[in-house]
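Scope of the values below: all heavy atoms of this structure, side chains included, with no hydrogens, waters or symmetry mates. Every chain is numbered from 1 and lettered A, B, ... according to where its sequence line falls, protein lines coming before strand lines.
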Amino acid sequence: MAKQHHDVTLEWPDADRETRTVAVDEDETVLEAAERADIALPFGCRTGACGTCTGRLLEADGAESAAGDDERGTIDVTDAFSYRRSPRALKDRHRADGYVLLCIASPRVGCRLAVGASVHTELVDNPWK
Amino acid sequence: MSDANTPSDVEPEHDHDHHDHEGPGYATPQAAIEEGDREKLAYVMSLYVGTDVDAPDFVAVVDLDPDSDTYCEIVDRIELPNRGDELHHFGWNACSSSCHMEGLERRHLIVPGQRSSRIHVIDAKDRHNPELETVIEPEEVFEYDLSAPHTVHCIPDGEILISMLGDADGELPGGFLELNDDFEIEGRWEPPGEIEMNYDYWYQPRQNVMVSSEWAAPKTYYPGFDLEDVEAGNYGQRLHFWDWEDGTVEQTIDLGEEGLIPLEVRFLHTPESTHGFVGAALSSNIFHFWRDGESGEYRAEKVIDFESREHDDWDMPVPALPTDILISMDDRYLFGSNWLHGEVWMYDISDPSNPRRADSLSVGGTFGEVQEVQGRELSAGPQMIQLSLDGERLYWTTSLFSSWDEQFYPEEGERGSVMLKADVDPRKGTIELDEDFLVDWGECPEGPARAHEIRWPDGDCTSDVWQ
């Protein structure tokens, strides 16, 4: 029997790169599927501790995510992904805003994600500026 | 392969013929000054982690020989096999603490990945063209419930000790991982649970003491700096003094709010001394610590205070953020870098209780008077520093940690780091920018890279310890 998989579309908001769609098996992470498709995503620890691989959910199962916009919570990132381990690099506010750690997250529905190094930089800003 | 069992065929920048010992390094700090040649090569941690550049981090070999055609150029790059490491700090398999170990060589660089927990062993027998020899994979490290390798020092008998900032999940506690002289994991050095947070460490074997400092749990500092974490007490403010032989904490000093995030920690080089310094990065202070002769206990006292500065475009006064310090080989000067303000400074520490400001240089950062060198705009302030053995040339790079760079100096990732140099006059206590010197990581073939810690092939002011 074929493995259950979901189409995940990857978009690089701040980089001049073509949008790519990969089929991610339910038992693999988005990062693993991207590597299988020879797509380079940023990563670091691969254990959910460092946040280097952070992506942001834009759309899941046809429903637009309002994460990052003024209205929030149209879709819940916890419904769209299951985690292999606890996503320790993300605080509650990050999870509520639709951020997801692609090194440990497997999709449960088809979805669209903002990816690339610029997404990680959204997690914290300069507190003095 | 063990360096303790190989014939002495390493190719150092200087030879040991005029030495009266057989092992690596120098008999005394003064011997390092007298017998060490001028640094002609530097090894520099160089990284792409966290960017969209599809290339692994690398170790840059930088030409520092003013008589060379390739002066100020990256002349070799040791590419590592994987992306995602965040090369950060590194060290030699042997230093002057093993200088009486016959047959042992200062030949292998131990190069950990801060984010990946992968540990690389590079054979630098050919100083100009080092080669990757062995890789310890993260899973092997996690078996000891440790992650996030940081400071590498050799232990005098040929083994290697690495401070580890987290457990296998990137949470607390951290600890210490020991490698044997075949570069295999020997195990944990200390009984687990002696400390919670960990960062840098230095040891003084003749005094049977080691001191370690505190950053935070990897999961706290990895994503970036968040004031919420400071308020929650997730950042460190303690120094731990260890029994070096037993590997147990004998004393912990809480530096308080003025000692927040104590990072680089240095003992004086003379093996007789119990004095040292630590930079508290967030509260922007330097602490002096020493063993009180009467009680036998260590004490710590704030001796340098860098005031925050107002900036028209910033909402709150900007802290200096002294992220690196070092002590000159003759133990006369303390040097440091204020990464946010954009300053390198030198203090006379002839009396370590009363450091006297000798000179400083305002370059890069948020306030630096010099904002470009040779027409190359500087993106960040001075960060990791390294000093020549004779104390006459101070070099620095500008990247702190990829995610923290992005927060405070986003241009660093776009333009890449630079390595700069100042000429130091130790006799007069002055420091002057050498505008003829510039190494540019913005011109790397795969794209701009960040540059972090600097080491000399034959030992330097931040790696050598004396027995």
Nearest 0.5 Å, please: how far is [atom2] in [Y] from [atom1] in [X]?
X	Y	atom1	atom2	value
B:Lys219	A:Cys45	NZ	SG	12.5 Å
B:Asp226	A:Arg93	CG	CZ	4.5 Å
A:Asn126	B:Thr366	CG	OG1	8.0 Å

Sort [X] into side chain, backbone, both or neither according to what part of it lies under 4.5 angstrom from a heavy atom of chain A.
X	result
B:Pro317	backbone
B:Tyr221	neither
B:Asp229	side chain
B:Ser116	both
B:Gln114	neither
B:Ala148	neither

Any idea which heavy atoms bring [X] and [Y] closest together, and the distance?
X	Y	value
B:Asp52	A:Gly116	OD1-CA, 3.4 Å
B:Pro223	A:His120	O-NE2, 3.2 Å
B:Gly50	A:Ala117	O-CB, 2.9 Å
A:Trp128	B:Phe225	CH2-CE2, 3.6 Å

**Asked** With respect to chain A, which residue among B:Val49, B:Val53, B:Asp169 yields the maximal number of heavy-atom pairs within a distance under 4.5 Å?
**Response**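 Of B:Val49, B:Val53, B:Asp169, B:Asp169 has the most heavy-atom pairs under 4.5 Å with chain A.
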**Request:** Against chain A, work out which of B:Glu406, B:Arg118, B:Arg83, B:Met316 has the most heavy-atom pairs shorter than 4.5 Å and name it.
**Result:**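 Most pairs with chain A among the choices: B:Arg83.
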**Item:** When A:Pro42, A:Ala49, A:Cys50, A:Ala40 are compared by non-hydrogen pairs under 4.5 Å with chain B, the top option
**Value:**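 Looking at each option in turn, the highest pair count goes to A:Cys50.
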**chain B contacts, top residue of A:Arg17, A:Arg46, A:Arg85 (heavy-atom pairs, under 4.5 Å)** =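 Winner by heavy-atom pair count: A:Arg85.
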Tell me, side chain or backbone of [X] under 4.5 Å from chain B's heavy atoms, or both, or neither?
X	answer
A:Leu90	neither
A:Arg88	both
A:Asp125	backbone

**Message:** For the CD atom on B:Glu139, are there more than 12 heavy atoms of other groups (residues, nucleotides or ligands in this structure) within a distance under 6.0 Å?
**Reply:**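 Count over threshold, so yes.
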**Request:** Answer yes or no: are there more than 12 heavy-atom neighbours, outside A:Glu26 itself, under 6.0 Å from its atom CD?
**Result:**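 It does: A:Glu26 CD has more than 12 such atoms within range.
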